[in-house]
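Everything on this sheet refers to the single structure shown next.
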Protein chains: 2
Amino acid sequence: MRVTRKSDYGLRALCTLARQYNGEPVSIGQLSAEHKIPEPFLEKIMQELREHGLVEATHGRGGGYVLSKRPSQISLREIVQALDGPIALVTCLDPNLKCSIETNCPTSSIWEIINQKLDEYLNSLTLSDVINMQQSERVKVSS
Amino acid sequence: MRVTRKSDYGLRALCTLARQYNGEPVSIGQLSAEHKIPEPFLEKIMQELREHGLVEATHGRGGGYVLSKRPSQISLREIVQALDGPIALVTCLDPNLKCSIETNCPTSSIWEIINQKLDEYLNSLTLSDVINMQQSERVKVSS
DNA sequence: CCAAAATCCGAGTAGAATACTCTGACTTTA
DNA sequence: TAAAGTCAGAGTATTCTACTCGGATTTTGG
């Protein structure tokens, strides 16, 4: 799998929840309006994030979603993995498929190494990093 | 774009050319047989590699392809870029598309940074690295 | 010189994946 | 008790991937 729009949309929504990290739930309506994400699509995305334990939902009027951990405890790796499945840069790295094209495959080792590098890097970045980065960007732009 | 089978197949073929780096051209027939890659598909791939200056072709009987540079001078970045286009981990990083979903997009900066990391890493790896890695793997397996 | 062996070139295509939608249920609270 | 919200599963249009096909062109061995 690659990093699709799902992960991007999910990350955007989680950024809002991270800034709003005070117990007040945010609804899909608000999130989709803020980020211009199609509502029913975002609904699916939030559901998957909940199934993977990244957010918690409250039903009914005034309900919505809340982060289930502190922003600094949520890595990009978790988010992407929840929405797009395990990081697999190349098709033949997909754990569902077993690439048995060649015995002594000349490329699998290198793809594995690159993939792991990417995986580790995504694991080292958290939601707080993302929002801090955006804030410093904003300063740069406005100054 | 992501890293597709095209890049993987291309890399496999280039590995053979790298080991055979002595002026003797290798034909598509030989390459596709060795790596079990569908012949007409590999044909396309080799053509693209030639258009991007990574290999040179000789026509006619006894013809085929030769690397146009030393294996240590050919980076994975070049190969992937030639076959799958510029590295764009996330759809919205695709240079063809301009992602203007949000002003002050919260995610573009982080994706850019991750993408650049990946780009740099691919740039640091060469064809010789790939075949050296495979050789050391082979030793590990047989011992 | 000519047939075979190779690449070149452009169009076309089946199947899978992405990026969504739709419908209807259930849950909570003002 | 109705409105505001999530939950759940199926369905779908479009795009992308991973190929194929047909024929032209180039080179060389015999």
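Just so it is clear: chains get the letters A, B, ... in the order the sequence lines come, proteins before strands, and each one is counted from 1.
Between A:Leu83 atom CG and C:dT18 atom C1' there is a gap of 14 Å when expressed in whole angstrom units. Protein atom CZ of A:Arg61 is 7 Å distant from nucleotide atom C1' of C:dT29, rounded to whole Å. Going from atom CD of A:Glu39 over to atom P of D:dA4 covers 12 Å, rounded to whole Å. Distance A:Glu56 CD to D:dT6 P: 14 Å, rounded to the nearest Å. What separates CD1 of B:Ile28 from C1' of D:dC21 is a distance of 15 Å, to the nearest Å.
A salt bridge links A:Lys69 to A:Glu78: one of the charged nitrogens lies within less than 4.0 Å of a carboxylate oxygen.
None of B:Arg12, B:Lys6, B:Arg5 except one satisfies the side-chain hydrogen bond (donor to acceptor under 3.5 Å, both in side chains) rule with B:Asp8; the exception is B:Arg12.
Here the side chain of A:Ala57 is nearest to one of D:dC7, D:dT20, C:dC8, namely D:dC7.
Side-chain nitrogen and oxygen atoms of B:Tyr65 include none within less than 4.0 Å of the OP1 or OP2 phosphate oxygen of C:dA6. Taking side-chain N and O atoms only, A:Arg50 has a distance below 4.0 Å to OP1 or OP2 of D:dC7.
At a cut-off of 3.5 angstrom, the base of C:dC8 holds at least one donor-acceptor pair with the side chain of B:Glu43.
Comparing A:Glu51 and A:Gly60 by the nucleotide of DNA chain D that holds the closest heavy atom to each, the one mapping nearer the 5' end is A:Gly60.
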